[in-house]
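By convention here, the first residue in the shown sequence is residue 1. Predicted, not measured: the structure shown is a model, and the values here were computed from it.
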Amino acid sequence: MRKFSLLLGVFALLAVTGAVSAATTSTVTITKAGYVPNAPKISQGDTVQFTNSDTMAHQIVFKTTTGITCAPNPLVLQPGQSGTCTFLNAGSTTFSDPNDKGNTFRGTVTVNGVADALTLVTSKPSVVYGGHATLSGVLSSHKVGENVDVFALGCGTNGAVKVATVQTTTSGAFTASVQPLLNTSYTAKVKNTASPAAAVMVHPLLHLGKVAPHSFSHRLSASTTFAGKYSSFQRYTGSRWVALKSVLLRSNATGVTPTVLTTASFRSAIKVGVRVRGVVGQAQVGNCYLPAFSNTIRS
């Protein structure tokens, strides 16, 4: 599942890269007679390159500049020079040379809208119970201020629930902090546009304590009980971890909602000063969690 989460992130990144690489560039040539062509039609995110083939300098000014980014800015081109403008918003805008009062140097760029796409990746493929992950993505239209609803589908649940609403910022980007209680698949939605899923897996929080010489405790925190399951008490040999005994997890206690604590106390004849830890393996935690690994202490 860890590899699967990483692949989701890679695929989402490729989607962003693909959206960028799909943009095209159209060329408008500035001649003595005017613009050729004088009415280019492009799509959102596309670029128009203006090339001055005249023997005198020309400036290009747009009636509406919202969503238009040009370089150089202002767009003043000497003979033989080129400049580019990228158009992020759908619609039409006229352009002209303010130094030429005739109708020759007039034009219109028509920007056709494209269907929005929404990406979603996670900063962490897995967290320990109680931890947070950051979800991030980009709206392909690059609109700022769009509401993004984040939905969570927890392992074993019947339907996704909305856990956050955030807004897009610069270039349509957004982030949201999430705290999954168990293995959870997240999706984001802007109006009718939904993102691919991004999975965040969860390790139960396992704490190993030393109560007294040769006396230890396990405390497992999760959103469900693990009473009746087994943890493994292990020692480090210098090259690998070796299981010393299986510990039956017995007692339940209610932590801060929705946390459930499953605990056990046990004894071991291990000598003092050895590095030890606890592990609850995949077979014990089931399908909705990853294995739990405790802190390391000295026996």
F105 and H58 aromatic centres sub-6.0 Å: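 Distance test on ring centres: under 6.0 Å, yes.
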Kindly determine whether V36 and V28 satisfy side-chain contact (heavy atoms from CB on, under 4.5 Å), including the steps that lead there. CA-CA 6 Å; V36 181; V28 172; over 6 Å; no
Does K245, at its NZ atom, have more than 12 non-hydrogen atoms belonging to other residues, nucleotides or ligands within less than 6.0 Å?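 Above 12, so yes.
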Is the count of non-hydrogen atoms from other residues, nucleotides or ligands lying under 6.0 Å from Y230 atom OH greater than 12?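 Count not over threshold, so no.
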Got [X] and [Y] here, is their nearest side-chain heavy-atom distance under 4.5 Å?
{"X": "Y129", "Y": "L181", "value": "yes"}
{"X": "V211", "Y": "F216", "value": "no"}
{"X": "L75", "Y": "C85", "value": "yes"}
{"X": "L77", "Y": "Q59", "value": "no"}
{"X": "T259", "Y": "T257", "value": "no"}
{"X": "F87", "Y": "I42", "value": "yes"}
{"X": "N89", "Y": "T66", "value": "yes"}
{"X": "V178", "Y": "Y186", "value": "yes"}

Walk me through whether T51 and Q49 qualify under side chain to side chain donor-acceptor pair (under 3.5 Å). CA-CA 6 Å; T51 299; Q49 177 177 289; 3.3 Å; yes
Give a yes or no on whether the backbone of [Y] and the side-chain of [X] come within a donor-acceptor separation of less than 3.5 Å.
{"X": "N183", "Y": "C288", "value": "yes"}
{"X": "N112", "Y": "K41", "value": "no"}
{"X": "N52", "Y": "M56", "value": "yes"}
{"X": "S299", "Y": "K271", "value": "yes"}
{"X": "K124", "Y": "H132", "value": "yes"}
{"X": "S136", "Y": "T175", "value": "no"}
{"X": "Q284", "Y": "K229", "value": "no"}

Supply the atom-to-atom distance [X] [atom1] to [Y] [atom2], rounded to the nearest 0.5 angstrom.
{"X": "Q44", "Y": "T86", "atom1": "CD", "atom2": "OG1", "value": "12.5 Å"}
{"X": "N73", "Y": "I68", "atom1": "CG", "atom2": "CD1", "value": "11.0 Å"}
{"X": "S195", "Y": "D116", "atom1": "OG", "atom2": "CG", "value": "12.5 Å"}
{"X": "T263", "Y": "N252", "atom1": "OG1", "atom2": "CG", "value": "7.5 Å"}
{"X": "I30", "Y": "Y35", "atom1": "CD1", "atom2": "OH", "value": "5.5 Å"}
{"X": "R106", "Y": "S96", "atom1": "CZ", "atom2": "OG", "value": "4.5 Å"}

Would [X] and [Y] count as having a side-chain donor-acceptor pair, cut-off 3.5 Å?
{"X": "N147", "Y": "Q167", "answer": "yes"}
{"X": "H207", "Y": "S294", "answer": "no"}
{"X": "D149", "Y": "T165", "answer": "yes"}

Cluster question for you: counting only ILVMFWY and a side-chain heavy-atom cut-off of under 4.5 Å, with indirect links fine, are [X] and [Y] together?
{"X": "L249", "Y": "Y289", "answer": "yes"}
{"X": "L261", "Y": "F226", "answer": "no"}
{"X": "V280", "Y": "L248", "answer": "no"}
{"X": "F233", "Y": "V274", "answer": "yes"}
{"X": "L205", "Y": "V260", "answer": "no"}

Applying the side-chain contact (heavy atoms from CB on, under 4.5 Å) test to T25, which of D46, T47, T84 qualifies?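 So the option named by the test is T47.
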For [X] and [Y], which heavy atoms make the closest approach, and how far apart are they?
{"X": "L220", "Y": "P204", "result": "CD1-CB, 3.7 Å"}
{"X": "A264", "Y": "V247", "result": "CB-CG1, 3.7 Å"}
{"X": "L153", "Y": "A160", "result": "CD1-N, 3.7 Å"}
{"X": "S82", "Y": "P72", "result": "O-CD, 4.4 Å"}
{"X": "V128", "Y": "V202", "result": "C-CG1, 4.5 Å"}
{"X": "S126", "Y": "H203", "result": "OG-NE2, 3.7 Å"}

Run the side-chain contact (heavy atoms from CB on, under 4.5 Å) test on V150 and L135 for me, step by step, so that the C-alpha distance in whole Å, both residues' side-chain angles and the decisive distance to 0.1 Å come before the verdict. CA-CA 9 Å; V150 179; L135 303 176; 3.8 Å; yes
Could you check S231 against H218 for side chain to side chain donor-acceptor pair (under 3.5 Å), going step by step and ending with a plain yes or no? CA-CA 8 Å; S231 61; H218 277 166; 2.6 Å; yes
Where does the angle between the aromatic ring planes of F95 and F50 fall among parallel (under 30°), tilted (30 to 60°) and perpendicular (over 60°)?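 F95 and F50: perpendicular rings.
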Is R277 positioned over the aromatic face of W241, cation under 6.0 angstrom from the ring centre and no more than 45 degrees off axis?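 Yes, a cation-pi geometry holds between R277 and W241.
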Evaluate K32 against T55 for side chain to side chain donor-acceptor pair (under 3.5 Å), listing each step before the verdict. CA-CA 8 Å; K32 290 183 181 297; T55 56; 2.8 Å; yes
Worked verdict on I270 versus R235 for side-chain contact (heavy atoms from CB on, under 4.5 Å): CA-CA 9 Å; I270 187 173; R235 61 165 292 183; 3.9 Å; yes
